[in-house]
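Everything below concerns the one structure shown next.
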Amino acid sequence: MPSSDYDPASLPDLLPLYYRRLFPFSQYYRWLNYGGVQKNYFQNREFSFTLKDDIYVRYQSFTTQNELEKEMQKMNPYKIDIGAIYSHRPNQHNTVKSGTFQALEKELVFDIDMTDYDDVRSCCSAADICCKCWTLMTIAIRILDRALREDFGFQHLLWVYSGRRGVHCWVCDEAARKLSVAARSAVAEYLSLIKGGEETVKKVVLTDPIHPFIRESLAVVERYFPRYALQEQDILGRKESVDKVLSLVPEDILFTLQQDFQNEKKPESRWKLVRDQATKKQATAKKGQYFEKEIMLQYCYPRLDVNVSKGVNHLLKSPFSVHPKTGRISVPINLKELDVFDPFALFEQTCKYSFISFHFFTDYKRTTLAKYVKYFDQFLDAMARSWKGELLRKSDLQKEF
Amino acid sequence: MQFMSRQKKLLPNSHTELYGQCLQFYGQPPLENIALSEFETFAVERLKLLKTVENLGVSYVKLSEQYTKKLDQESKNLNFPYRSGPSEIEKRRKDHISHFILRLAYCQTEDLRRWFIQQEVDLFRYRFSYLSSKQKLEFLHKNNLQYDAISVEEKKALQDKLVNSSYAVSGITVEDQDFYKVPFQDALDLVRTRKVYLKAGYVYIPHQDIVTIILNDFRTRLSKALALTARSLPAVHSDERLQPLLNHLSHAYVGQDYSIQKNVGKISLEQIDSLSGKSFPLCMRQLHQALRENHHLRHGGRMQYGLFLKGIGLSLEQALQFWRSEFIRGKVDADKFDKAYAYSIRHMFGKEGKRTDYTPYSCMKVILSNPPSQGDHHGCPFRHSDPELLKQKLQFYKVSPSGISQVGDITFSLNHPNQYFVESQKVLGGGKDIKREMDTPQRSQENSGRGSAAAREAAAAANASQHLAEMTEELDSFFQDA
């Protein structure tokens with residue numbers, strides 16, 4: 001892990017450079033302004049900053065891009081969060097009559113955090129990630145992206161690397177921004193398959209009929225399962241892991257499998273034995289027959305925190321924010337290059353160049369971060385087409401008067 | 001909404017018109033004059049009905065046979081309508097009026113509104129289930145819910161997906177019935193539980209399931225209406241005949257919420273470990289144990305346990321000390337604790353932010369909101385745990401085998417973790433009888449359709465408290481003045 005290269009103490013020196021040279025202010029403003037279709041959309045947006053010494057300030061808001069730039073360059077926040085669009089300017093919320101200051105709109109967001117998978121990954125735990133368990137993020141993104149687009153009809157999704165151990169999704173469609181708390185919670189629950197905390201052994205239970213959403217998700221999981229789970233995580237190799245997997249099969253099958261595993265040591269073959277048993281059971285039983293699917297899902301299916309998605313006023317780490325503990329930047333992820341996205345590469349390059357002088361900085365701008373900004377631009381272009389339509393529509397309505 | 005002021009007195013036979021429908025949306029308030037005694041009776045009886053709705057909803061699967069039978073019985077006893085028929089007119093009038101009276105009592109705070117809306121929606125759902133298909137269709141139209149039906153070709157193309165999306169939809173359903181395309185925002189309950197086919201932001205609903213849409217609509221309308229009602233409250237409250245009654249009604253539902261701290265500072269931190277074994281309900285015991293083992297709890301756990309501790313009498317200073325000393329043993333250093341966690345503890349005690357003094361969670365709240373996920377230890381073990389694990393745990397905590405398997409005999413109605421604590425302390429203090437005669441809703445043995453034993457919570461908790469009392473060697477009395 002290249003974490004030894006980065007020293008958090010260098011942040012006070014790096015951040016001013018970052019905010020002066022690299023942070024893509026004009027794209028950032030273009031995004032949050034949403035084409036100016038709605039009045040005061042940018043001005044009523046809450047930002048929060050975490051400053052040096054863990055000083056946390058909420059209800060920051062800005063009237064123009066320029067003001068935002070100046071302020072960020074002055075404060076050099078260690079962390080930036082984006083909140084909701086409120087009924088009034090957040091930085092004036094104290095002057096507003098109590099009860100009238102309300103969060104009105106915000107992107108629909110999802111937060112996938114690798115620590116939520118600790119019970120099913122053996123390579124790392126807590127804040128660590130490696131290329132082996134990163135596959136879980138790839139799977140999560142593929143499943144959720146498909147569902148949000150095909151099932152829910154959303155089009156403008158921004159996936160962002162969180163900077164340390166997970167990914168965020170910002171759904172920026174207008175319909176998404178206007179969703180109520182209840183609707184957000186319903187979407188998040190539709191997407192949730194893993195139920196239960198520390199006290200629950202079997203976290204996925206499937207019953208007939210298997211919903212098309214689950215089938216589609218399983219199709220994704222099945223593509224990655226052999227290499228990710230059987231090889232890299234070796235879940236059917238070491239005894240402890242095997243026991244854990246077997247704790248998820250029905251009692252009447254357990255003994256047979258344990259016996260079979262005495263004679264068969266290869267993980268792929270062991271898995272085939274499990275599948276065969278499942279096929280047999282599916283032909284006859286009405287309950288507990290989908291255990292092989294349940295196992296795959298328990299080990300691979302995305303785990304999201306419903307509470308993050310529910311709240312209209314929930315603050316989430318901003319894209320292009322720096323993660324103070326890793327020095328990595330929360331960059332947008334281009335799904336076309338998802339299978340080759342490497343969260344560690346970012347890190348090395350960000351650090352290396354930061355120590356080098358000013359000239360190299362401008363060259364750097366043409367390389368690593370630039371590619372992410374370019375992708376962000378494309379994302380904004382796609383949205384801009386819908387803004388244009390909106391603006392035309394609005395001006396037409398006005399012309400009628 | 002001034003139905004208590006001078007209005008034209010309606011003639012009796014127009015009741016037949018007004019109350020011709022067996023079910024209504026309560027769109028229009030009643031316009032007649034009624035006597036104050038009737039006002040009071042109607043309101044109290046509806047409140048009883050709604051409380052029954054609430055209790056049955058926790059013990060049984062909604063609309064299951066036992067649920068409907070019991071609700072039928074209660075509706076009958078309280079003289080509320082529950083079926084169509086001409087003899088129901090007087091009952092429908094009562095239903096109409098009582099609903100609007102309770103709106104006045106329950107519009108004032110977020111909590112009250114939420115509770116009222118939830119029970120009214122459940123009541124509506126139950127009554128709606130008695131309507132014929134034709135009557136259901138009439139409702140759709142009355143509601144201006146003109147959703148589009150999909151073409152036969154589209155139905156055929158989607159047949160497999162439709163059949164696989166819902167247990168209730170078969171190939172025949174697809175052939176025989178119209179399917180409607182409804183924006184997903186109008187069918188959240190179906191989306192949330194994944195009981196419907198969803199494509200490009202639309203759910204595809206067979207005619208037979210249109211009820212969920214209607215419920216949603218009902219909920220939204222009621223919510224807006226309550227907000228409006230709240231604004232006209234000052235006028236209503238100025239009528240001194242009504243104010244005391246309305247206050248009484250809105251406090252009746254809440255019961256003890258353990259928000260007013262009694263016995264602050266009577267518990268010392270050293271006692272907590274032993275108290276957790278003797279007088280904490282299982283959920284809190286679990287949280288305490290997890291905290292001691294991991295020197296950490298996530299947000300959900302900190303809230304549930306922290307507020308409970310506040311409810312049993314921990315002061316803010318004690319709470320800060322308690323959490324701090326535990327967290328420091330883990331990965332959090334003192335500085336970080338003061339910066340990151342102390343704030344939220346002070347927040348719990350109403351010393352930060354909006355300064356709301358948060359109330360300890362009732363069982364209902366623990367069970368129904370914020371289910372635990374990986375890494376969490378909060379929630380209700382009787383609802384959120386694996387049955388096997390739960391059994392093991394109860395055995396470990398020395399609940400006798402008969403206590404574990406026993407699900408029927410309840411003599412104790414448990415609604416709140418802090419209630420458990422108080423009752424347990426009383427028992428240990430030797431003061432009161434363990435068996436208490438209170439009116440208890442009958443709880444069922446099995447909850448088909450529910451994963452874990454939701455109904456066993458009160459039974460096992462009560463039994464657990466009985467057995468803990470029996471097992472304790474000494475009878476420490478912690479509250480000398482109990």
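Chain naming here is simple, since letters A, B, ... match the order of the sequence lines and numbering starts at 1 in each.
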Please test Asp119(A) against Lys244(A) for salt bridge (charged side-chain N to carboxylate O under 4.0 Å, His left out), starting from the C-alpha separation and ending with a verdict. CA-CA 10 Å; Asp119(A) 60 323; Lys244(A) 264 175 103 173; over 6 Å; no

Parallel, tilted or perpendicular: ring planes of Tyr305(B) versus Phe280(B), cut at 30 and 60 degrees: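 Plane angle over 60°, so perpendicular.
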
Can you tell me if Tyr202(B) has over 12 outside heavy atoms packed within less than 6.0 Å of its OH? no

Got more than 12 heavy atoms from elsewhere within 6.0 Å of NZ, Lys293(A)? yes

What part of [X] gets closer than 4.5 Å to chain A, counting heavy atoms only: side chain, backbone, both or neither?
X: Lys199(B); value: both
X: Asp189(B); value: neither
X: Arg219(B); value: neither
X: Val196(B); value: backbone

For Arg149(A) and Asp145(A): C-alpha separation, side-chain torsions, deciding distance, then whether salt bridge (charged side-chain N to carboxylate O under 4.0 Å, His left out) applies. CA-CA 6 Å; Arg149(A) 286 180 197 279; Asp145(A) 193 76; 3.0 Å; yes

So, [X] versus [Y], ring centres under 6.0 angstrom or not?
X: Phe152(A); Y: Tyr190(A); result: yes
X: Phe101(A); Y: Tyr86(A); result: yes
X: His295(B); Y: Phe327(B); result: no
X: Tyr197(B); Y: Tyr204(B); result: yes

Is the shortest side-chain heavy-atom distance between Cys107(B) and Leu233(B) below 4.5 Å? yes

Heavy-atom proximity to chain B below 4.5 Å, by part of [X]:
X: Lys310(A); result: neither
X: Ile55(A); result: neither
X: Val306(A); result: neither
X: Asp151(A); result: both
X: Leu148(A); result: neither
X: Asp305(A); result: neither

When only pairs under 4.5 Å are counted, which of Leu190(B), Val191(B), Val203(B) shares the most heavy-atom pairs with chain A?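 With the most close heavy-atom pairs to chain A, the winner is Val191(B).
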
Taking side-chain contact (heavy atoms from CB on, under 4.5 Å) as the definition, give me every residue that meets it alongside Asp113(A), ordered by chain and number, with sequence neighbours left out. Asp111(A), Thr115(A), Asp116(A), Arg165(A)

Would you sort out whether Phe179(B) and Val169(B) count as a side-chain contact (heavy atoms from CB on, under 4.5 Å), showing the intermediate values? CA-CA 11 Å; Phe179(B) 272 72; Val169(B) 174; 4.0 Å; yes

Report, in residue-number order, which members of residues 204-212 of chain A are under 4.5 Å from chain B by heavy-atom distance. Asp208(A), Pro209(A), Ile210(A), His211(A), Pro212(A)

If you check every heavy atom in residues 294-303 of chain A against those of chain B, which residues fall under 4.5 Å?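 Listed by number, the contacting residues are Arg303(A).
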
After noting the C-alpha distance and the side-chain angles of Arg113(B) and Ser223(B), does the key distance pass the side-chain hydrogen bond (donor to acceptor under 3.5 Å, both in side chains) rule? CA-CA 8 Å; Arg113(B) 283 188 229 186; Ser223(B) 181; over 6 Å; no

If you count heavy-atom pairs under 4.5 Å between each of Ala186(A), Ala182(A), Gly153(A) and chain B, which one has the most? Ala186(A)

Which residue out of Asp54(A), Leu191(A), Ile194(A) racks up the most heavy-atom pairs below 4.5 Å with chain B?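 Between Asp54(A), Leu191(A), Ile194(A), the count favours Asp54(A).
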
To the nearest 0.5 Å, how far apart are OG in Ser386(A) and CG in Asp173(A)?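 Those atoms lie 7.5 Å apart.
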
Spacing of CG belonging to Asp81(A) relative to NE2 belonging to His314(A), to within rounding of 0.5 Å: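 Interatomic distance, Asp81(A) CG to His314(A) NE2, rounded to 0.5 Å: 8.0 Å.
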
If you compare all heavy atoms of Ser309(A) against all heavy atoms of Val109(A), which two are closest, and at what distance to 0.1 Å?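 Between these two residues, the closest heavy atoms are OG-O, 2.8 Å.
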
Set out, in order, the CA-CA distance, both residues' side-chain angles and the distance that settles salt bridge (charged side-chain N to carboxylate O under 4.0 Å, His left out) for Arg125(B) and Asp122(B), then state yes or no. CA-CA 5 Å; Arg125(B) 180 192 291 115; Asp122(B) 285 346; 2.6 Å; yes

Side chains of Ser48(A) and Tyr56(A) only: does a donor on one sit below 3.5 Å from an acceptor on the other?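 Yes - a donor-acceptor pair under 3.5 Å links their side chains.
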
Using heavy atoms and a sub-4.5 Å threshold, report which of residues 158-168 of chain B line up against chain A, by residue number.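 Expected list: Lys161(B), Val163(B), Asn164(B), Ser165(B), Ser166(B), Tyr167(B).
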
Criterion side-chain hydrogen bond (donor to acceptor under 3.5 Å, both in side chains) on Ser373(B) and Asp376(B), from CA distance to verdict: CA-CA 6 Å; Ser373(B) 39; Asp376(B) 287 325; 3.2 Å; yes

